[in-house]
Amino acid sequence: MTSNNDKNRRYPLGIQTFSEIRDRDCLYVDKTSLIYELTHEPSKYFFLSRPRRFGKSLLISTLASYYEGRKDLFKGLAIDALETQWQARPVLRFDFSGGKYYEVSLLHNQLNSDLQYYEKEYGIVDEGNDEGTRLLNLVQGVFKQTGQKCVVLVDEYDAPLLSTMNNPEEQQKLRQVTRNFMSPLKRLDPYIEFVLITGITKFSQLSIFSELNNLNNISMQPKYAALCGITEDEVRDYFQTGIADMAEAYHTDTLQMFSRIKQMYDGYHFCWPSPDIYNPFSLLYAFSTSKLDQWWYVSGTPTFLIDLMRRDGMRMPDMDQLHTDAARFDQPAENTNDPVPVLYQGGYLTIKNYDRQMDEYTLGIPNEEVRTGFGRSIIQYLVPDFTNGTDEFRREYRHFALYGDVERWVKSLRVFLAAVPYDLHGSDERSYQALLYTMLSACGADIRAEVKTSQGRIDLLLVTGKMAVIMELKLNKSAQEAISQIRNKQYDLPFQLNGKRLVKIGINISAQTRTISDYVIDEE
């Protein structure tokens, strides 16, 4: 079995089956002490919400192997020293993660296939009942035959519902089938040992969440914060070789490389307090290729999220420091008038802080991967016919970040703004601030909006490896007025000792031309 590091570099890319990871001697980040704790809780019905590709399927597979009593697979892992009984239980696993459910018949087919498999295995006859009744008969029949209580594992229960977010009529049909299938679980309590349901979100209209009033939602429980995902300590413990190989590829040292990996993939918190959680999908692909990229982000395009944000009037800078209570971001997904719960549950927002006295959470974009990927999606959505222009702007930004040619870079800002369709600019400074913020996010820039100082708020703060750039925007005024505000309010004061080149830029935008009309660059 694999050791506690990645020296053999057998990363389980695309493998979500625990037994296969262990049999092939691939790297496995040991979560079994948490699994032991979960399976020995006083309650036995659990729900866990995490973003897509965050390890939920691997967790389900690991639980299946554990309850099947496959002790050999767990040799050398934490649970090997904790578990003494290894009693095998019948496991019923229903996985919706890989299907496409554009119409209700596809969900019927999936359920029928899964139920037929177990009915055949245990010799239970299907008498033409609906899926819920068949599940009821299956669990009772298995108990009668084996004398053992069943383990029921449901992976990505909401995949059919999320695939029809833009088709409410079909989603209602899928919701009804899902509800009917899972509703018998409470009545089956005497025959059930353990239940885990995973998904991205909660759908309030599914009666399971009201009927199973003993369903323990562990999604925001600190002790299970690291059940899915990889902690910073685990990155250090398990990926030493990967970090060293990537440092060599990027011609830097391991300390600097770890900092870049952290900036790119860290930043998730699903409760507070919580350890820093890294995106596991992106980490594995990054280490296997020795390349930092938007591995997780490019696996899905959230166009419906951008639609939702536009209808709500929410702009990308609003995602940076969003103060709210849990009732807003943890609400069911069908309340789609508000983009915040969808953004949070989808992994585009995460918890950054919690004020216990105020009972107020601060949400923000988790990391550079999400910031860059989401920025690119918005730009492509807003300016679909300007692909070459956006690529050129990214090249100009990279040139600026490397060589610091401020004059050339501001001129590229002017060119790009002029190419954006007139109806997307808006009529106030905030609209242009949001547009520039999104453009720079799409370039992978470390950009912040409305940065507080002792005397005011900086419109945009851009930090590169060598520079800190303070930008103040005006609309139909003058660049001189903008630069005077930076000077008079001493926006640069907090950054004078950070060792970076400090650049102040005052920008005026003309509402008539919808681009930069004049600018002032101040560099002391």
Residue pair Gln221, Leu227: steps toward the side-chain contact (heavy atoms from CB on, under 4.5 Å) verdict: CA-CA 10 Å; Gln221 291 187 16; Leu227 188 58; over 6 Å; no

Please test Ile447 against Leu461 for side-chain contact (heavy atoms from CB on, under 4.5 Å), starting from the C-alpha separation and ending with a verdict. CA-CA 6 Å; Ile447 182 73; Leu461 174 67; 6.0 Å; no

Test item: [X] and [Y] side chains (from C-beta on) under 4.5 Å apart, heavy atoms:
| X | Y | result |
| --- | --- | --- |
| Asp233 | Pro275 | no |
| Glu450 | Asp459 | yes |
| Phe96 | Val154 | yes |
| Met439 | Ile379 | yes |
| Ile458 | Phe495 | yes |

Decide whether a cation-pi geometry holds between [X] and [Y]; the criteria are a distance under 6.0 Å from NZ or CZ to the six-membered ring centre and an angle within 45° of the ring axis.
| X | Y | result |
| --- | --- | --- |
| Arg315 | Tyr437 | no |
| Arg52 | Trp296 | yes |
| Arg260 | Tyr250 | no |

Establish, from distance only, whether the side-chain atoms of [X] and [Y] form a donor-acceptor pair under 3.5 Å.
| X | Y | value |
| --- | --- | --- |
| Thr372 | Tyr297 | no |
| Gln263 | Asp446 | no |
| Thr362 | His323 | yes |

Short N-O contact, [X] and [Y], less than 4.0 angstrom:
| X | Y | answer |
| --- | --- | --- |
| Asp391 | Arg394 | yes |
| Glu41 | Lys223 | yes |
| Glu392 | Arg395 | yes |
| Asp114 | Arg93 | no |
| Arg89 | Glu68 | no |
| Lys202 | Asp330 | yes |

Whether [X] side chain and [Y] backbone form a donor-acceptor pair below 3.5 Å:
| X | Y | result |
| --- | --- | --- |
| Ser163 | Tyr102 | no |
| Lys500 | Gly465 | yes |
| Ser219 | Ser49 | yes |
| Thr32 | Ile35 | no |
| Arg448 | Val463 | no |
| Ser61 | Leu58 | no |
| Asn367 | Val370 | yes |
| Thr254 | Ala244 | no |
| Ser113 | Asn109 | no |
| Thr164 | Pro160 | yes |

Would you check, one step at a time, whether the test side chain to side chain donor-acceptor pair (under 3.5 Å) holds for Gln16 with Ser57? CA-CA 6 Å; Gln16 302 177 69; Ser57 295; 3.2 Å; yes

Among Ile60, Leu153, Val152, the one residue meeting side-chain contact (heavy atoms from CB on, under 4.5 Å) with Val91: Leu153

I'd like to know whether Asp80 forms a salt bridge (Lys or Arg N to Asp or Glu O under 4.0 Å) with Lys71, so could you lay out the CA-CA distance, the side-chain angles of the two residues, the decisive distance to 0.1 Å, and finally the verdict. CA-CA 8 Å; Asp80 192 25; Lys71 181 179 179 180; 5.1 Å; no

For [X] and [Y], which heavy atoms make the closest approach, and how far apart are they?
| X | Y | answer |
| --- | --- | --- |
| Gly346 | Pro51 | O-CB, 3.6 Å |
| Pro280 | Gly55 | CG-N, 4.4 Å |
| Glu103 | Leu174 | O-CD2, 4.2 Å |
| Glu369 | Gln294 | OE2-C, 3.3 Å |
| Arg50 | Lys56 | O-NZ, 3.0 Å |
| Ser19 | Leu73 | CB-CD1, 3.7 Å |

Can you tell me which residue pairs pass the salt bridge (Lys or Arg N to Asp or Glu O under 4.0 Å) test with a partner in residues 340-349, sequence neighbours excluded? none

Show, in sequence, the C-alpha distance, side-chain angles and deciding distance for Gln171 and Arg175, and conclude whether the side chain to side chain donor-acceptor pair (under 3.5 Å) test is met. CA-CA 6 Å; Gln171 188 188 78; Arg175 184 185 288 121; 2.9 Å; yes

Please walk me through it: do Phe374 and Met319 pass side-chain contact (heavy atoms from CB on, under 4.5 Å)? CA-CA 11 Å; Phe374 204 72; Met319 297 169 64; 3.8 Å; yes

Verdict with supporting geometry, Tyr361 and Asn353, side-chain contact (heavy atoms from CB on, under 4.5 Å): CA-CA 6 Å; Tyr361 290 86; Asn353 199 6; over 6 Å; no

Could you label the plane-to-plane angle of the Tyr66 and His40 rings as parallel, tilted or perpendicular, counting under 30° as parallel and over 60° as perpendicular? tilted

Once you measure the plane-to-plane angle for Phe270 and Tyr268, does it fall in the parallel (<30°), tilted (30-60°) or perpendicular (>60°) bin? parallel

Arg501 atom CZ, neighbour heavy-atom count above 12 within 6.0 Å: yes

Going through the checks in order, is the side chain to side chain donor-acceptor pair (under 3.5 Å) test met by Thr198 and Asp155? CA-CA 5 Å; Thr198 74; Asp155 192 13; 2.9 Å; yes

Picking from Tyr348, Tyr354, Tyr344, what satisfies ring pair (Phe, Tyr, Trp, His ring centres under 6.0 Å) with Phe329? Tyr344

Partner of Trp295 under ring pair (Phe, Tyr, Trp, His ring centres under 6.0 Å), chosen from Tyr278, Tyr285, Tyr265, Phe281: Tyr285

Hey, mind stepping through Ser97 and Glu156 against side chain to side chain donor-acceptor pair (under 3.5 Å) and telling me if it holds? CA-CA 5 Å; Ser97 62; Glu156 302 280 14; 5.8 Å; no

Going through the distances and angles, do Glu234 and Lys31 end up as a salt bridge (Lys or Arg N to Asp or Glu O under 4.0 Å)? CA-CA 10 Å; Glu234 289 167 341; Lys31 301 290 184 178; 2.9 Å; yes

For the pair Tyr28 and Phe18, evaluate ring pair (Phe, Tyr, Trp, His ring centres under 6.0 Å) and give the outcome as yes or no after the intermediate values. CA-CA 9 Å; Tyr28 173 70; Phe18 175 72; 5.1 Å; yes

Pair Tyr45, Phe194 - check ring pair (Phe, Tyr, Trp, His ring centres under 6.0 Å), show working. CA-CA 6 Å; Tyr45 294 86; Phe194 179 90; 9.0 Å; no

